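See structure below.
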Amino acid sequence: MASIRRTLSPAFRDRPYVNGAGSPFSVPSPSQKLLSSSRYSPPFPSVILAFAVNVRRFVAGVLFHLPNRKGQQWRRGFYRCLLFFFLGFLLGLLPFGHVDDDEIRGRSNFDIEPPHVNVQFDTDNADPAVKRREDLVVDVSLGVVERSVDLVPRKQLIIVTPTYNHALQAYFLNRLGQLLGLVPPPLLWIVVETNTASMETAEILRKSGVMYRHLVCGNNSTSAKDRGVYQRNTALEHIERHRLDGIVYFADDDNIYSLDLFDRLRDISRFGTWPVAMLWQSKNKAILEGPVCNGSQVVGWHTNEKSKRLRRFHVDMSGFAFNSTILWDPKRWHRPTSASIRQLDTVKEGFQETTFIEQVVEDESQMEGTPAGCSKVMNWHLHLEAHTLVYPKGWQLPQNLDVVLPIER
């Protein structure tokens, strides 16, 4: 029987093989093929190739392989979070689209076309030609209107009101407080009382909704003239001490004011004046007193009282206003003296206004007439004092009134 014996080739007999890598009967692995092919014809540099292999191993180990030990579980989860964070960061930097500002602005403009509305004019006494049916189409365009608005802050108004205990005090203060509540802010209402701050006045001020300061004048005077002078001086001292910036206006509680007056006060730069109508109880006519203007320039004065013609400036206490910085900043207005500006209690009644104004301005050239031409009366001075009557404590009657008309049963 013939036997077939295959001998090994002498070419492979004495060649050493490490781990079977060079064995003729071993199948080469893909990595070996990749390394062998790259050794002779490398398509990429070796550094890039090694980096790609490491990245592939890292991703495969993080995403697909399960941890063998318990200690590797938290580490593999940390690597997964880090990988997805890095991918999200890269995706956030990519520009996926661009939206123009004109497109956004165009989306905010839209038209509303309401349905047709039939309007019928049916009047019995109307002309037959007027009776008709019409179709009204209203086009409303709602959108964003671009405007360049210059926001200029309003000047603060500092309203000084002296008050005292009398029968009509609650009525006067409530009326003035409601009017000041309609004036746009900023506004500060300084109310001055004598001797002590009454709870009744404080309650009215709290309910007015206006920013206020309740002051007390220490000078006790029974004279109505001197009482008002001391109370106004207390307010002037308060403004000067705290350097309040705004337009100061003496508004007594028994006067009547128009809302337009407070709007025009903010147009005053240094000193403004206007005509005031006064009504006396003993006379059946109104007295007009104030400046005569050519535009905003004061050219003269008008008064109906012969006893006051000796005054330098013929103006009522409620007929002028001035900038508060004149009180505490004399260098700004080039005042010749830095003495405090106060009302004088040593002059005759009716001369407090002119002596006070002489401390604020030098002549009519530093005044501003308002409104233009000084042809509008914006407030009335009513003399309705009731010096002998006082209000009940707490605005409440201590006992019932006497029955005048009993109810018949």
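Heads up: numbering here begins at 1 and tracks the sequence. Because the structure is predicted, anything quoted here is derived from the model rather than measured.
To the nearest 0.5 Å, the span separating OG1 on T273 from CD1 on I357 amounts to 6.5 Å. Rounded to the nearest 0.5 Å, atoms CD (E358) and CZ (F351) are 10.5 Å apart. Taking CZ of R206 as the reference point, atom NE2 of H214 lies at 10.0 Å (rounded to 0.5 Å). Note that CD of E289 is 9.5 Å distant from CH2 of W301, once rounded to the nearest 0.5 Å. One distance of note links CG of L265 with CE of M378; it measures 7.5 Å at 0.5 Å rounding. The distance from atom CG of L205 to atom CD1 of I190, rounded to the nearest 0.5 Å, is 12.0 Å.
Between S269 and K155, the shortest heavy-atom contact is CA-NZ, 3.9 Å. Closest of all the heavy-atom pairs between Q156 and L188 is OE1-CB, 4.0 Å. Closest approach of I341 and L236 over heavy atoms only: O-CD1, 3.8 Å. Residues N195 and G218 come closest through the heavy atom pair OD1-O, 4.3 Å. Between P291 and V298, the shortest heavy-atom distance links the atoms CB-CG1, 3.9 Å. Scanning all heavy atoms of the two residues, the minimum distance from Q352 to E349 falls at NE2-CA, 3.7 Å.
Side-chain contact between I256 and L382: present, with at least one pair of heavy atoms (C-beta onward) separated by less than 4.5 Å. Using a 4.5 Å cut-off on side-chain heavy atoms (C-beta onward), P275 and H302 make no contact. Between R266 and L157 the shortest side-chain heavy-atom distance falls below 4.5 Å. Using a 4.5 Å heavy-atom cutoff, the side chains of V299 and C293 are not in contact. Between M211 and L187 the shortest side-chain heavy-atom distance does not fall below 4.5 Å. Inter-residue side-chain proximity for Q297 and M367 is flagged as unmet; no heavy-atom pair is nearer than 4.5 Å.
Looking only at atom types and distance, the side chain of E193 has a donor-acceptor partner in the side chain of T201 under 3.5 Å away. Counting only N and O atoms by type, the side chains of T194 and Q231 include a donor and acceptor under 3.5 Å apart. For the 3.5 Å distance criterion, the side chains of N379 and S318 qualify, holding a donor opposite an acceptor.
Put simply, the side chain of T196 never gets that close to the backbone of S198: no donor and acceptor are under 3.5 Å apart. No side-chain donor-acceptor contact under 3.5 Å links T303 to the backbone of H314. Put simply, the side chain of T161 never gets that close to the backbone of D253: no donor and acceptor are under 3.5 Å apart. Listed for the Q169 side chain is no donor-acceptor partner under 3.5 Å among the backbone atoms of A167. Judged by distance alone, with hydrogens and angles left aside, the side-chain atoms of R264 form no donor-acceptor pair with the main-chain N or O of I268 at under 3.5 Å. Panel note: side chain T370, backbone G272; no donor-acceptor pair is recorded below 3.5 Å. Checking side-chain atoms of E368 against main-chain N and O of R270 turns up a donor-acceptor pair under 3.5 Å. The main-chain N or O of E362 is found under 3.5 Å from a side-chain atom of Q366 such that the two form a donor-acceptor pair. Side chain of R243 to backbone of T325: no donor-acceptor contact under 3.5 angstrom is found. R232 contributes no side-chain N or O that, together with a main-chain N or O of R227, makes up a donor-acceptor pair within less than 3.5 Å.
Considering only residues two or more places apart in sequence or on other chains, C217 meets the disulfide bond (SG atoms under 2.5 Å apart) condition with none of them.
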Pair D263-R154, salt bridge (Lys or Arg N to Asp or Glu O under 4.0 Å): steps then yes or no: CA-CA 10 Å; D263 294 336; R154 300 189 188 99; over 6 Å; no
Applying side chain to side chain contact (heavy atoms under 4.5 Å, CB included) to W328 and R241, what does each step give before you reach the verdict? CA-CA 8 Å; W328 48 267; R241 184 191 311 117; over 6 Å; no
Evaluate Q178 against V210 for side chain to side chain contact (heavy atoms under 4.5 Å, CB included), listing each step before the verdict. CA-CA 9 Å; Q178 293 174 4; V210 180; over 6 Å; no
For T355 and Q343, run side-chain hydrogen bond (donor to acceptor under 3.5 Å, both in side chains): C-alpha distance rounded to whole Å, both residues' side-chain angles, the deciding distance at 0.1 Å, then the answer. CA-CA 7 Å; T355 54; Q343 292 188 5; over 6 Å; no
Would L215 and H238 count as a side chain to side chain contact (heavy atoms under 4.5 Å, CB included) if you check the C-alpha gap in whole Å, the side-chain angles of each, and the deciding distance to 0.1 Å? CA-CA 9 Å; L215 306 181; H238 181 82; 3.8 Å; yes
Under the side chain to side chain contact (heavy atoms under 4.5 Å, CB included) criterion, do V377 and L288 qualify, and how do the steps go? CA-CA 9 Å; V377 176; L288 190 64; 3.8 Å; yes
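Stacking of R342 on the aromatic ring of F356 is not recorded, the 6.0 Å distance cut-off and the 45° axial limit not both being met.
Taking the six-membered ring where the residue is Trp, Y164 and H166 present tilted rings, their angle falling between 30° and 60°. Ring geometry for Y257 against Y249 counts as perpendicular: the plane angle is over 60°, on a 0 to 90° scale with 30° as the lower cut. Note: F322 and F250 have tilted aromatic rings, judged against thresholds of 30 and 60 degrees for the angle between ring planes.
A salt bridge between D260 and K376 is present, with a side-chain N of the basic residue lying under 4.0 Å from a carboxylate O of the acidic one. The existence of a salt bridge linking D363 and R312 is excluded, since no basic side-chain nitrogen approaches an acidic carboxylate oxygen closer than 4.0 Å.
Atom CE of M199 is surrounded by 12 or fewer heavy atoms from other residues, nucleotides or ligands within 6.0 Å. Around the CH2 atom of W380, the shell of radius 6.0 Å holds no more than 12 heavy atoms that belong to other residues, nucleotides or ligands.
Aromatic rings from F262 and W189 are positioned such that their centres are separated by 6.0 Å or more.
Looking at V248, I326, N323 one by one, the single match for side-chain contact (heavy atoms from CB on, under 4.5 Å) with V360 turns out to be I326.
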